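The structure presented is a predicted model; accordingly, all values stated were derived computationally and were not measured. Hydrogens, waters and symmetry mates are skipped; everything else that's a heavy atom, side chains included, is used.
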Amino acid sequence: MDVIYFAWVRERIGLPRETVDTNAATVADLVDELRAREPRYALAFADMSAIRVALDQELTGLDASLEGVREVAFFPPMTGG
C-alpha cells in the first residue's frame, strides 16, 4: 500500500511517500510496524494525538481497518485562517 507523509511528519521521516508491504490489520498496527523500523519513524509517530490519518482520502481513526485500503496518509491537524 502507498503511505504518504505530509508537513512535519514528512520532514521527520525524510520521505514524502513510500510503498509499504504490511500485514497490519489496523492503522494502529501499521504505526507500530513503522515505529519499529528506525528511530526517525519512532520520532515522527511519537505523539499520535498530533497526527491525523486518511485512508483512501477519507479521514479515519487509528482503529480503522486496512482491509482493501490502497493509500494511507499521515498529517498534522489543519487549521484555517
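- In the displayed structure, N23 atom CG is contacted under 6.0 Å by at most 12 heavy atoms of other residues, nucleotides or ligands.
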(request) Please report the C-alpha distance between L66 and L30 in whole Å, then the side-chain angles of each, then the deciding distance to 0.1 Å, and finally whether the side-chain contact (heavy atoms from CB on, under 4.5 Å) criterion is met. (result) CA-CA 9 Å; L66 294 176; L30 176 61; 3.9 Å; yes
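- Judged by distance alone, the side chains of D63 and T26 never bring a donor and an acceptor atom under 3.5 Å apart.
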(message) Assess the residue pair E71 and L55 against the criterion (side-chain contact (heavy atoms from CB on, under 4.5 Å)); give the C-alpha distance rounded to whole Å, side-chain angles, the decisive distance to 0.1 Å, and a yes or no.
(response) CA-CA 6 Å; E71 178 186 277; L55 301 180; over 6 Å; no
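- Residues F74 and F45 bring their aromatic ring centres within 6.0 Å.
- Under the 4.5 Å side-chain heavy-atom criterion for ILVMFWY residues, a single connected hydrophobic cluster contains both V3 and V69.
- Distance check: I4 CD1 to R17 CZ gives 4.0 Å after rounding to the nearest 0.5 Å.
- When all heavy atoms are compared, the tightest approach of P76 to W8 is CB-NE1, 3.2 Å.
- Here CG of L15 is found 5.0 Å from OH of Y41. Values are rounded to the nearest 0.5 Å.
- Closest approach of R12 and L43 over heavy atoms only: NH1-O, 3.8 Å.
- For the pair A44 and I51, the tightest heavy-atom approach, listed with the atom from each and the gap, is O-CD1, 3.2 Å.
- Hydrophobic clustering (side-chain heavy atoms under 4.5 Å, transitive across Ile, Leu, Val, Met, Phe, Trp, Tyr) keeps M48 apart from L59.
- Looking at R52, its side chain does come within 3.5 Å of a backbone N or O of S49 through a donor-acceptor pair.
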(message) For D2 and V72: C-alpha separation, side-chain torsions, deciding distance, then whether side-chain contact (heavy atoms from CB on, under 4.5 Å) applies.
(response) CA-CA 6 Å; D2 290 330; V72 179; over 6 Å; no
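- How far CG of L34 is from OG1 of T22: 7.5 Å, rounded to the nearest 0.5 Å.
- Side-chain N/O atoms of Y5 and E11 include no donor and acceptor closer than 3.5 Å.
- For the pair E18/M1, no side-chain contact is recorded, criterion being any heavy-atom separation below 4.5 Å from C-beta on.
- Hydrophobic clustering (side-chain heavy atoms under 4.5 Å, transitive across Ile, Leu, Val, Met, Phe, Trp, Tyr) keeps F75 apart from L62.
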